[in-house]
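Data block below; observations after.
By convention in this document, chain letters (A, B, ...) are assigned in the order of the sequence lines, proteins followed by strands, and residues within each chain are numbered from 1.
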Amino acid sequence: MSSDRFRLLFAKKASEAFRAAYSEEYAASGDEQVFNEEYLLQQLEQPKDPSMGRFALPVFRYGRLLGDKPPDIAVKVAGRMNELPGDSDLVRAEAAGGFINARVNPVELTSDTLDRVLSQGSHYGDSDLGRNRKYLIEYCSANIAKPYGVGHLRSTIIGNSLRRVFRKLGFDTIGINYLGDWGTQFGKMIVAYRKWGENVDLNSNAVKKLLDLYVRFHDEAKKNPSLDDQARAAFKQLEDGDPEAVRLWETFKSISLAEFDRIHRMLGVEFDIITGESFLNDKMDAVIERLEKAGLTRLSEGALVVPLDDPNLPPCLLRKGDGATLYATRDLAGLVYRWETYRFHESLYVVGSAQADHFKQAFKVIAMLEEAEGLVPSERMTGRVKHIDFGWVKFEGGAMATRSGNIIFLEDVTDKAVALAKEKILEKNPSLESIDETAHQIGVGAVIFSQFSVRRQKDVNFVWKEVLNFEGETGPYLQYTHARLCSLLRKYSGEITAEIDPALLAGAEEQRVIELLADFPAIVEDTARTYDPHLIASYLLRLAAAFNKVYQRKTSDGRSDKIISDDVNLSASRMALVKSVQTVLHEGLYLLGIEAPEEM
RNA sequence: GCCCCCGUAGCUCAGUAGGAUAGAGCAUCGGUUUCCUAAACCGAGUGCCGCAGGUUCGAUUCCUGCCGGGGGUACCA
């Protein structure tokens with residue numbers, strides 16, 4: 001939680017109050033560090049229930065030090081704090097058990113927050129945290145010649161979101177799609193195509209036909225293991241530049257690239273660089289040489305490896321027995337290339353947790369190399385490269401695997417979601433102008449949001465019933481709330497400004513919304529710190545729910561308490577809130593990669 | 001065998017660098033629209049927080065062991 005002026009003042013007062021209320025013990029403690037402002041600021045936390053206060057200071061740890069009971073300490077210190085001169089209005093201390101709760105002046109918080117949101121608009125929550133720092137984020141990394149399944153969706157949308165989050169924080173962020181366009185799998189594809197692909201027409205539906213070949217290869221390889229040897233040989237041909245193998249590879253690649261491009265447009269996903277493993281083909285020898293020169297390599301069972309000084313990791317393979325390279329070799333070349341080219345602040349790899357060991361190995365090799373070469377710390381990338389892992393996408397509880405053909409095509413999912421969204425629009429808002437476009441935004445939004453519904457590290461279940469549910473904690477719920485806010489904005493004819501009477505927004509429901517609005521910048525930073533957009537997703541649900549309470553509220557006589565009414569000042573105040581929530585909801589959805597239609 | 005991740009309400013999950021009575025959604029039941037979009041809102045209830053120890057003023061959170069699920073474990077990526 002970042003510090004604002006309320007927290008700073010609270011910490012300052014608490015520090016003074018401790019010294020005043022316990023002057024003797026303070027002098028005797030010899031540990032004044034726990035009483036200084038910076039330390040206290042760090043100790044501030046969020047009360048369990050927002051109604052208890054905006055933030056709180058637990059004082060349990062002072063019990064022994066001050067020889068007093070925590071609840072008594074809280075009472076004494078809180079009392080002193082409220083007696084201190086200066087800005088006595090801004091934040092009030094309130095003892096509650098072993099906590100000192102902070103009551104922030106609602107008028108100040110309201111005008112402060114609304115002023116910032118309304119004046120900064122979509123830039124609210126921006127930061128210069130990342131000024132002059134480069135951030136690399138690799139995501140998607142789909143494999144050429146394989147279909148785009150829901151498995152790839154997770155990496156793609158997490159990475160796409162992180163790219164937007166880091167940009168917002170001022171980092172010079174580069175999103176990289178590092179396609180799997182090289183490796184033994186292409187040997188398999190080449191063998192399969194030579195054997196069974198002569199009569200396959202690749203002019204239509206090519207991706208699915210290539211998948212059929214791939215699946216058939218694995219089926220037949222079970223009965224006939226010599227196929228795997230043929231595949232390795234074919235990949236070796238490809239690496240050696242055999243023209244026919246290269247021609248086939250290029251065909252597979254162009255088919256896939258066109259397909260990926262189409263799908264990414266459909267999802268609204270962006271990349272700054274699209275490259276592939278093959279880009280590194282001419283950069284691997286140099287890395288291998290460096291490792292050899294550093295004395296880290298060894299020949300083992302015919303293969304060239306780097307033994308790692310970690311008993312839990314197998315050696316990292318650089319060259320197979322036949323001299324061909326591996327995934328790890330290319331990733332090492334990529335690490336070195338990116339470090340030399342960009343000198344990044346951090347470089348992230350958004351890849352599933354199944355590859356955790358692979359990244360541990362690669363990062364370990366780099367660390368050993370940098371150590372062996374005696375590089376100064378500023379020349380080392382160790383510690384700056386991170387594997388951002390995530391759990392599996394399970395289908396109705398089971399595993400998905402390309403090889404067995406047990407896979408859900410992403411487009412089948414989005415098509416269904418979009419169709420359902422269209423059905424709902426026709427039912428609820430048939431006069432809407434751009435029905436197809438809106439249905440697309442809602443359907444795709446629902447699919448994307450479903451991936452953010454759990455923390456990054458956890459497996460996410462793909463269940464049709466849940467992905468196609470538009471009620472409750474879903475993307476469409478957020479979009480719907482946003483659309484209603486836009487509807488109010490269209491209807492309201494007055495000017496929207498932060499120059500309103502904050503007292504008119506003093507109700508508990510409004511205050512809850514304002515507190516959440518004030519939290520947004522910290523949420524964006526937390527997302528960057530944890531590399532998990534789930535935080536934004538759950539925050540937006542809280543914000544939308546809090547606003548819907550205001551929106552649906554009834555007056556004491558049972559009538560709905562309208563946002564826009566005959567009371568000009570009240571309407572203006574509420575509309576300032578409406579515009580602020582709409583702004584943050586829109587920006588938050590943008591950070592997740594989800595569109596926010598104005599009507600639906 | 002060894003290593004990593006996970007285990008919270010019937011289901012799916014939150015629980016923010018230990019803290020205040022462990023929270024949401026779905027599902028179930030009931031209610032709200034003379035209509036600023038009911039894709040919403042309100043109400044109803046359920047928890048040996050996998051088990052057993054340990055550290056601490058305080059553990060769902062940290063440590064150890066065990067049980068259960070998933071993943072990884074050199075010529076796939």
Side-chain angles (χ1 to χ4, degrees), chain A residues 1 42 45-49 52 56 58 60-61 63-64 69-70 96-99 101 141 143 180 182-185 188 228 231-232 277 300-305 310-322 324 326-328 330-331 351-358 360-361 389 391-392 394 399 403 421 424-425 427-429 442 453-455 457-461 463 465-466 469-474 476-477 479-481 483-488 490-492 522-523 526 529-530 534-535 538 541-542 544-545 548-549 551-554 558 560 562-565 571 578 599-600:
Chain A
M1 195 58 68
Q42 275 189 344
E45 60 185 46
Q46 199 117 52
K48 262 287 175 269
D49 188 322
M52 293 189 273
F60 300 96
R61 67 187 66 234
R64 188 179 293 165
K69 291 179 183 163
F99 294 89
N101 291 334
S141 309
N143 285 316
W182 205 248
T184 309
Q185 55 181 323
K188 294 176 181 175
D228 284 323
R232 276 189 282 272
E277 295 183 60
S300 171
E301 297 170 34
L304 185 68
V305 308
D310 181 335
N312 294 324
L313 288 177
C316 181
L317 268 80
L318 301 177
R319 281 191 195 284
K320 300 194 272 192
D322 65 1
L326 292 103
Y327 179 45
R330 289 181 285 279
D331 256 348
V351 180
S353 57
Q355 291 185 46
D357 279 356
H358 161 75
K360 275 189 204 153
Q361 286 178 294
D389 63 337
W392 291 88
K394 291 187 295 186
R403 293 179 184 186
K424 295 234 171 186
I425 294 170
E427 170 195 329
K428 294 164 188 291
N429 193 6
I442 295 168
S453 63
V454 302
R455 253 170 40 224
Q457 290 89 343
K458 297 186 76 156
D459 292 349
V460 52
N461 268 312
V463 180
K465 200 175 131 228
E466 287 171 13
N469 176 28
F470 294 171
E471 291 168 20
E473 297 177 334
T474 66
Y477 169 77
Q479 290 172 320
Y480 178 69
T481 303
R484 286 208 300 204
L485 290 160
C486 289
S487 173
L488 287 168
R490 280 193 301 274
K491 201 175 170 196
Y492 184 66
I523 295 290
D526 286 348
R529 189 170 50 74
T530 58
H534 165 77
L535 294 185
S538 57
L541 290 171
R542 287 198 297 278
N548 281 328
K549 266 186 206 243
Y551 183 86
Q552 297 266 0
R553 189 173 44 194
K554 304 263 161 124
S560 50
K562 305 244 172 156
I563 301 287
I564 300 170
S565 65
S571 301
V578 164
E599 272 182 89
M600 63 187 268

Please assess L488(A) against Y551(A) for the test side-chain contact (heavy atoms from CB on, under 4.5 Å), listing each intermediate value before the final yes or no.
CA-CA 10 Å; L488(A) 287 168; Y551(A) 183 86; 3.9 Å; yes
Span that lies between the C1' atom of rG50(B) and that of rU60(B), in whole angstrom
12 Å
Once hydrogens and angles are ignored, does a donor-acceptor distance under 3.5 Å link the base of rA74(B) to the side chain of E301(A)?
yes
Secondary-structure string, 5' to 3', Watson-Crick or G-U under 3.5 Å, | for another-strand partners, for RNA chain B:
(((((((..((((.........)))).(((((.......))))).....(((((.......))))))))))))....
Just wondering, more than 12 heavy atoms not from K549(A) lying within 6.0 Å of its NZ?
no
Going by centres under 5.5 angstrom and planes under 30 degrees, do the aromatic ring of F60(A) and the base ring of rG19(B) stack?
yes
Sequence neighbours left out, what passes side chain to side chain contact (heavy atoms under 4.5 Å, CB included) with E466(A)? Give chain and number order.
V463(A)
Could you tell me how far rG25(B) sits from rA40(B) if I compare only their P atoms? Round to whole Å.
11 Å
Same-atom distance (P) from rC6(B) to rG43(B), integer angstrom
34 Å
Measure the CZ-NZ distance between F60(A) and K69(A) for me, rounded to the nearest 0.5 Å.
14.0 Å
Between the base of rA27(B) and the side chain of N469(A), is there a donor and acceptor pair under 3.5 angstrom?
no
Heavy-atom side-chain contact between Q355(A) and Y327(A) under 4.5 Å:
yes
In whole Å, what separates the P atom of rG65(B) from that of rC3(B)?
9 Å
